[in-house]
*Asks:* 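What follows is a single structure, and I will ask about it in a moment.
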Amino acid sequence: MREMSMNMEKIIRLVTKTKELIKNREMAAHVKEKGVADYVTQVDIAVQNFLKKELFLLAPDIQFLGEETGLQEMKADSFWILDPVDGTTNLMHDYQHSVVSLALCYQDEIVMGIVYNPFHEEIFSAIKGKGSFLNGQPIKVSKAEKLSDTIIGLGTAKRELADENFARFRRVFGACQDVRRIGSAALELAYTACGRQDGYFEIYLNPWDYAAGMLLVQEAGGIVTDFAGNPLNPREGGSVVGTNGNIHGELLKLL
């Protein structure tokens, strides 16, 4: 893992090479529906194929888990976790809040995370124990001490749970200054890590949605758990809430 730390700049360069693929509007227009409100474009597939190949050349002993391969049992000690385009619906509409999210899991812990927004030229990165950064500059979570002084990001996964979810959104909205919906879990967590918002929650995320962002928040001084307050297992999907830490308990009570 020390070698991976030394290779962080090389991995960031690989990730940023996806910029032209992500900004290709012709490929973004080729869409296939995977499920209800769940889409994949040629951009998703092209970015995943490119990074899978390049990461194998860089570290052939590390396995690969990507959104377009789906959840599967990972038997290796270490594996990459990639969401080639987190915010695919945003991409389809040229909303320009779509990111590449890449994490490295080692012995069931996320030890490296990168979230790259090519539209705003923002690279969020973290290595376990070494802090979180935005374009090379250290970042920290907000200092808000109570929920009433915060803005909170939210996600709308699981349409079949819409009534339950919107009741939850209403409770949080009533307790905070305002809510936000970016449409990318990885970016929501990155924004929480740098203090642009004070927290974020979603009823269900897969590992590729939250892995890199989770480390960003943790290394920036925040907390990430499930709705019950338990640590997340990067091999599984589930509920996710990330905050600056100060408001974590207060937000959990509403979820």
*Asks:* Look at the side-chain heavy atoms of Ile, Leu, Val, Met, Phe, Trp and Tyr, link any pair under 4.5 Å apart, and say whether Ile203 and Phe173 land in one connected group.
*Replies:* yes
*Asks:* So Thr41 and Met92, do their side chains get closer than 4.5 Å, heavy atoms only?
*Replies:*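 SC-SC contact between Met92 and Thr41 confirmed.
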*Asks:* Can you name the nearest heavy-atom pair linking Ala211 to Ile81, along with the distance?
*Replies:*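 Result for this residue pair: CB-CD1, 4.0 Å.
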*Asks:* Can Arg196 and Glu122 be counted as an ion pair, charged N to O under 4.0 angstrom?
*Replies:*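 Yes, this pair counts.
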*Asks:* Among all residues two or more places apart in sequence or in another chain, which pass the side-chain contact (heavy atoms from CB on, under 4.5 Å) test with Asp108?
*Replies:* Arg235
*Asks:* Roughly how far apart are Phe133 CZ and Leu216 CG, rounded to 0.5 Å?
*Replies:*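 Going from the CZ atom of Phe133 to the CG atom of Leu216 covers 11.0 Å.
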*Asks:* Do Ser125 and Met8 have side-chain heavy atoms sitting under 4.5 Å apart?
*Replies:* yes
*Asks:* Which pair of heavy atoms, one from Leu215 and one from Gly113, lies closest together, and at what distance?
*Replies:*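 It is CD2-N, 3.6 Å.
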*Asks:* I'd like to know if the side chain of Ser78 and the backbone of Cys105 have a donor-acceptor N/O pair within less than 3.5 Å.
*Replies:* no
*Asks:* Which pairs count as ring-ring contact (aromatic ring centres under 6.0 Å, His included) when at least one residue sits in residues 143-166, sequence neighbours excluded?
*Replies:*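 Those involving residues 143-166 are Phe166-Phe169.
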*Asks:* If we only count heavy atoms from C-beta on, is the Val100 to Ile22 side-chain gap below 4.5 Å?
*Replies:*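 Result yes, sub-4.5 Å side-chain heavy-atom pair found.
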*Asks:* Do Leu232 and Asp226 have side chains that get closer than 4.5 Å, going by heavy atoms?
*Replies:*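 Heavy-atom side-chain distance check passes, below 4.5 Å.
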*Asks:* How long is the span from the CD1 atom in Ile151 to the CD atom in Gln197, to the nearest 0.5 Å?
*Replies:*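 Spacing of CD1 (Ile151) from CD (Gln197) equals 6.0 Å.
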*Asks:* Looking only at the side chains, is there a donor atom on one of Asp86 and Ser184 sitting less than 3.5 Å from an acceptor on the other?
*Replies:* yes
*Asks:* Which residues satisfy the side-chain contact (heavy atoms from CB on, under 4.5 Å) test with Arg13, sequence neighbours excluded?
*Replies:*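 side-chain contact (heavy atoms from CB on, under 4.5 Å) list for Arg13, sorted by chain: Glu9, Lys10.
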*Asks:* Could you give the distance from CD1 (Ile127) to CD1 (Ile110), rounded to the nearest 0.5 Å?
*Replies:* 13.5 Å
*Asks:* Report the residues that fulfil ring-ring contact (aromatic ring centres under 6.0 Å, His included) with His93, sequence neighbours left out, ordered by chain and then residue number.
*Replies:* none
*Asks:* Quick check: closest heavy atoms across Val141 and Val217, and the distance to 0.1 Å?
*Replies:*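 Nearest heavy atoms, Val141 then Val217: CG1-O, 4.1 Å.
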*Asks:* According to a hydrophobic-cluster definition based on side-chain heavy atoms being under 4.5 Å apart (Ile, Leu, Val, Met, Phe, Trp, Tyr only), do Leu58 and Val15 belong together?
*Replies:* yes
*Asks:* Check side-chain contact (heavy atoms from CB on, under 4.5 Å) between Thr150 and all other residues, then give those that pass, not counting sequence neighbours.
*Replies:* Ala144, Leu147, Ile152, Cys176, Asp198, Ile247
*Asks:* With a 6.0 Å cut-off (strictly less than), is the heavy-atom count around CZ of Arg181, excluding the residue itself, greater than 12?
*Replies:* yes
*Asks:* For residues Val111 and Leu14: do they belong to one hydrophobic cluster (side chain heavy atoms under 4.5 Å, members Ile, Leu, Val, Met, Phe, Trp, Tyr)?
*Replies:* yes
*Asks:* Does either side chain, that of Glu67 or that of Gln48, offer a donor lying less than 3.5 Å from an acceptor on the other one?
*Replies:*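 Short answer, no.
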*Asks:* Could you check whether Asn230 and Thr225, counting side-chain N and O atoms only, form a donor-acceptor pair closer than 3.5 Å?
*Replies:* no
*Asks:* Examine distances only and state if a side-chain atom of Asn49 and a backbone atom of Ala46 form a donor-acceptor pair shorter than 3.5 Å.
*Replies:* no
*Asks:* Between Gly245 and Ile223, which heavy-atom pair has the shortest distance, and what is it?
*Replies:* CA-CD1, 3.8 Å
*Asks:* Can you say whether the rings of His120 and His97 are parallel (under 30°), tilted (30 to 60°) or perpendicular (over 60°)?
*Replies:*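 Perpendicular: the ring planes of His120 and His97 meet at over 60°.
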*Asks:* Apply side chain to side chain contact (heavy atoms under 4.5 Å, CB included) to Leu102 and Leu51, showing your working.
*Replies:* CA-CA 9 Å; Leu102 177 67; Leu51 286 176; 5.5 Å; no
*Asks:* Do Asp77 and Tyr106 make a side-chain contact, defined as non-hydrogen atoms from C-beta onward lying under 4.5 Å apart?
*Replies:* yes
*Asks:* Are Leu161 and Val241 grouped together when hydrophobic residues (ILVMFWY) are joined by side-chain heavy atoms under 4.5 angstrom apart?
*Replies:*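 Per the 4.5 Å side-chain linkage, Leu161 and Val241 are co-clustered.
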*Asks:* Taking all atoms of both residues into account, what is the closest heavy-atom pair of Trp208 and Asp83, and its distance?
*Replies:*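 Result for this residue pair: O-CB, 3.4 Å.
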*Asks:* Would you mind reporting whether Phe50 and Glu54 have side-chain heavy atoms less than 4.5 Å apart?
*Replies:* yes
*Asks:* Just checking Glu145: does its CD atom have more than 12 heavy atoms from other residues, nucleotides or ligands closer to it than 6.0 angstrom?
*Replies:* no
*Asks:* Enter the distance from Leu134:CG to Cys194:SG here, rounded to the nearest 0.5 Å.
*Replies:*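 Answer for the CG-SG pair, Leu134 versus Cys194, is 6.0 Å.
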*Asks:* Could you list the residues that satisfy side-chain contact (heavy atoms from CB on, under 4.5 Å) with Glu121, not counting sequence neighbours?
*Replies:*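 By the side-chain contact (heavy atoms from CB on, under 4.5 Å) rule, Glu121 matches Lys19, Tyr116.
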*Asks:* Between Phe201 and Val240, is any pair of side-chain heavy atoms under 4.5 Å apart?
*Replies:* no
*Asks:* Please lay out, stage by stage, how Ile12 and Ile114 fare under the test side chain to side chain contact (heavy atoms under 4.5 Å, CB included).
*Replies:* CA-CA 7 Å; Ile12 287 175; Ile114 298 168; 3.7 Å; yes
*Asks:* For the pair Asn165 (side chain) and Ala157 (backbone), establish whether a donor and an acceptor sit closer than 3.5 Å, ignoring hydrogens and angles.
*Replies:*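 Answer holds: yes.
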*Asks:* Starting at CG of Asn7, measure out to CE of Met112 and round the result to the nearest 0.5 Å.
*Replies:*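 Here the rounded value is 7.5 Å.
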*Asks:* Counting only heavy atoms not in Asp163, do more than 12 sit closer than 6.0 Å to its CG atom?
*Replies:*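 Incorrect, the count does not exceed 12.
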*Asks:* Flag yes if more than 12 heavy atoms outside Phe227 fall under 6.0 Å of its CZ atom; otherwise flag no.
*Replies:*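 Count over threshold, so yes.
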*Asks:* Is the side chain of Glu219 donor-acceptor paired with the backbone N or O of Ser132 at a distance under 3.5 Å, no angle test?
*Replies:* no
*Asks:* Can you give me the closest heavy-atom contact between Ile182 and Glu188, atom names plus distance?
*Replies:* N-OE2, 2.9 Å
*Asks:* For Phe119 and Ser98, run side chain to side chain contact (heavy atoms under 4.5 Å, CB included): C-alpha distance rounded to whole Å, both residues' side-chain angles, the deciding distance at 0.1 Å, then the answer.
*Replies:* CA-CA 8 Å; Phe119 298 100; Ser98 303; 4.1 Å; yes
*Asks:* Determine, step by step, whether Asn206 and Tyr204 satisfy the side chain to side chain contact (heavy atoms under 4.5 Å, CB included) criterion, reporting the C-alpha distance in whole Å, the side-chain angles of both residues, the deciding distance to 0.1 Å, and the verdict.
*Replies:* CA-CA 7 Å; Asn206 283 302; Tyr204 184 88; 3.0 Å; yes
*Asks:* Run Ser142 and Asn244 through side-chain hydrogen bond (donor to acceptor under 3.5 Å, both in side chains) and show every step you take.
*Replies:* CA-CA 6 Å; Ser142 78; Asn244 67 358; 3.0 Å; yes
*Asks:* Starting at CD of Gln42, measure out to CG of Leu21 and round the result to the nearest 0.5 Å.
*Replies:*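 Rounded to the nearest 0.5 Å, the CD-CG separation comes to 11.0 Å.
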*Asks:* If we only count heavy atoms from C-beta on, is the Leu82 to Leu65 side-chain gap below 4.5 Å?
*Replies:*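 Not touching, per the 4.5 Å side-chain cut-off.
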*Asks:* Going by distance alone, is a donor N or O of one side chain under 3.5 Å from an acceptor N or O of the other, for Glu202 and Tyr200?
*Replies:*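 Distance-only check passes for Glu202 and Tyr200.
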